[in-house]
> 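Structure in structure tokens, see below.
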Number of protein chains: 2
Amino acid sequence: MKKNVTIKHIAEYAGVSFSTVAKALRNDPVVNEKTRVKIHYIAREFNYYPNILAKGLRSKKTKTIGIILNDIQSPFYSEIYKVIGDVLNKQGYTMILCDSSFDLELEKKNITTMISQGVEGIIISSVSEKSDNIQIILDYDLKTVFIDNIPEFSNINYVYVNHEEAASLAVEHLIENGHRDILLLNGPEGLSSSQHFLKGYMEKLRASGIEIKNELIRFIGISVEESLDTLKNIFFGKDSITKKDFTAIMTLSDVIAIGIYEAAQQLQFAIPDDYSVIGYDNILATKYLAPPLTTIHQPKKRTGLYSINLLLEQINNDSKELKKIILSPELIVRGSVKKINRC
Amino acid sequence: MKKNVTIKHIAEYAGVSFSTVAKALRNDPVVNEKTRVKIHYIAREFNYYPNILAKGLRSKKTKTIGIILNDIQSPFYSEIYKVIGDVLNKQGYTMILCDSSFDLELEKKNITTMISQGVEGIIISSVSEKSDNIQIILDYDLKTVFIDNIPEFSNINYVYVNHEEAASLAVEHLIENGHRDILLLNGPEGLSSSQHFLKGYMEKLRASGIEIKNELIRFIGISVEESLDTLKNIFFGKDSITKKDFTAIMTLSDVIAIGIYEAAQQLQFAIPDDYSVIGYDNILATKYLAPPLTTIHQPKKRTGLYSINLLLEQINNDSKELKKIILSPELIVRGSVKKINRC
DNA sequence: TTGTAAGCGTTATCAA
DNA sequence: TTGATAACGCTTACAA
């Protein structure tokens, strides 16, 4: 790495003191117009890059914010942080992105790293709703917006899409189409989204007078593979239920739903003729699947926008005011649910 | 933000000097085992988070690396930086992610920000192959691995998937299936990937004795929308060509191909009966589209893995050795190409 | 309008 | 084995 050009070098060359350079570079009106211009010119000539570390160390302004998610590859999250990144870029902030992979230890490491890095704030989709990790954030008084779940702490900002309502919407649509035995391919059991989703599933079923069967509720990782494996086991008789025990499948994520499409190919069943399927998230590709996936839309762009605006507002106004935003999901009817007549 | 706990606070409480604390925290064997343990204990009690800014300022080791891409939301890139992030996390590095949106000015800003942030190295998919931006990187002697294109500078590390070969593979497959009039929905004209891809397209056509028609070559943004718009214009007679002028479409990206699927829905044509389609990248969802998309696979995981390993190697060994890796794409035949008999 | 000096939280060197 | 001190590059009073 080449030795860095600092304000001292510029000062020396310009024949002024380094604090004058500092002021000139910040366009402090106190400095003479001529010297200001000259110093800017020299800085440019010398390829001067201000050292954010030094700046941050002194002023506590690092112009950096952290994003901590459980799966940065997921199209769901990437749509969210895309808009966050755009806003940040416009405001001169940089974004540190971390993946917790649904792991509390990793999440803890990510949080402490963020603190060590001196971020001005974070947006986090936490692994759990009441872990010690959240306490770390609270203790440190780190400016934070939670997304995708609602931690069980009152003094917290969040932007949340109502997963319970989403599950309710899905169950309702399935029931309207004659389904009663609905296999739920949920996310990991420890994940709060899974719990909210489960709650919506159960309550809607109960409200409709349909018996809840525990064997139809599965907690799996959010991936094509785990979804596929689950169905394989069922089809190959390695499971407590058989392929006759349900007529519809709903999932916590479109990615899991895609796993069902893969299973359909491998196990030779038809969607929606053999099983109706409803996903969740409404990621880009779902519209073009065969058949187009009926799913529950999450307002991802708004989640991103609201969360970053909330965070920036807190940072800029040093505000302590709590903001809680709950967004509603929306049913998108396409072609993966079929009306059936029960005997 | 709460006032930070520093080694000075710990030192005071422990009744030792702060430099002893520093050594103890780094497990320097020179310090007495008892004091070492005591200091670690206190640090933990006090919620001490080492200040990376100060550390970086002093030691030049920020444990941070930067990733600069043209579209962080793209499933293609996200698969790449997912593996990069995993490796980084394991090694105690953090990742700054920036989006250049195919814009040279934004890219420049991203690069200078990275430098200002004191990253130890960057992985970049540059907008162009010979911009001043690359010169900035070279001038600063910033440790860098280029991906997804090959800048026209000799002293550079890269991991590149041969786009020319990819286009060639696509054209070949189309020709084998009887197609001669192949609409190319390429990326932005200024993008080097587009140029490589174009070259492969043209050379394969030429080698096969097929006339190259310039009207069949289109440079568009990599998005569903622009792809859709292009086809709409053609269908609505707002273009120099008509819908009869081609029998197949190939694209620089699966995302563009998805735009064709959208167009098929809106404009009521059938894939592959009316048009054969070949994509590029092989992103997750393509396998489940209707019909499953025939595409050219890019080894994304390997691109990520090789590039981060290359970079880390450079950083850790302070090596100046140049490494150039070229990976080969691979044709994935699925259902979106149909054999036709020309009259 | 410009310069001086202290300090941010570390690391690293040298002395005790 | 521990402590004092300078330095990293910047911001920010305060003095000139």
> Do you know which of B:Thr62, B:Thr94, B:Asn51 makes side chain to side chain donor-acceptor pair (under 3.5 Å) with A:Gln117?
B:Thr94

> Quick check: do B:Val145 and B:Gln314 have side-chain heavy atoms less than 4.5 Å from each other?
yes

> Take the protein atom CD1 of A:Ile10 and the nucleotide atom C1' of D:dT11, then report the distance between them rounded to whole Å.
15 Å

> Quick one, B:Tyr77 with B:Asp148, criterion side-chain hydrogen bond (donor to acceptor under 3.5 Å, both in side chains). Give me CA distance, side-chain angles, the key distance, then yes/no.
CA-CA 10 Å; B:Tyr77 283 130; B:Asp148 204 28; 3.0 Å; yes

> Note down the inter-axis angle between the two ends of the helix from C:dT1-D:dA16 to C:dA16-D:dT1, five pairs each, to the nearest 10°.
40°

> May I have the step-by-step check of side chain to side chain contact (heavy atoms under 4.5 Å, CB included) for B:Lys143 and B:Asp318, ending in yes or no?
CA-CA 9 Å; B:Lys143 303 214 153 102; B:Asp318 209 45; 2.6 Å; yes

> For a quick check, with a 4.0 angstrom heavy-atom cut-off, what is the B/S/- contact string for nucleotides 6-16 of chain C, read 5' to 3'?
BBBBBBB----

> Taking A:Ser126 as the fixed residue, which of A:Asn149, A:Asn70, A:Thr144 is the one that meets the side chain to side chain donor-acceptor pair (under 3.5 Å) rule?
A:Asn149

> Have a look at B:Val30 and say if it touches a base, only the backbone sugar-phosphate, or nothing, with a 4.0 Å heavy-atom cut-off.
base

> Rounded to the Å, how far apart are B:Lys61 NZ and D:dC8 P?
17 Å

> When you check the side-chain N and O atoms of A:Glu107 and A:Asn133, is any donor under 3.5 Å from an acceptor?
yes

> Reckon A:Val16 touches a base, only the sugar-phosphate, or nothing at all at heavy-atom distances under 4.0 Å?
sugar-phosphate

> Quick one, B:Thr20 with B:Ser17, criterion side chain to side chain contact (heavy atoms under 4.5 Å, CB included). Give me CA distance, side-chain angles, the key distance, then yes/no.
CA-CA 5 Å; B:Thr20 300; B:Ser17 82; 3.2 Å; yes

> Please set out all donor-acceptor pairs under 3.5 angstrom arising from side-chain atoms of residues 37-46 of chain A, sequence neighbours excluded.
{"unit_1": "A:Lys38", "atom_1": "NZ", "unit_2": "A:Ala14", "atom_2": "O", "d": "3.3"}
{"unit_1": "A:His40", "atom_1": "NE2", "unit_2": "A:Ala24", "atom_2": "O", "d": "3.0"}
{"unit_1": "A:His40", "atom_1": "NE2", "unit_2": "A:Asn27", "atom_2": "OD1", "d": "3.0"}

> What is the distance, to the nearest angstrom, from the CD atom on B:Gln117 to the P atom on D:dG9?
16 Å

> Tell me whether the side-chain N/O atoms of B:Ser17 come closer than 4.0 Å to OP1 or OP2 in D:dG3.
yes

> Quickly work out the A:Asp28 CG to C:dG3 P distance and round it to whole Å.
14 Å

> Does any part of the side chain of A:Pro50, heavy atoms only, come nearer than 4.5 Å to the side chain of A:Tyr48, both counted from C-beta?
yes

> Could you give the CD1-to-P distance, from B:Ile39 to D:dT1, as a whole number of Å?
13 Å

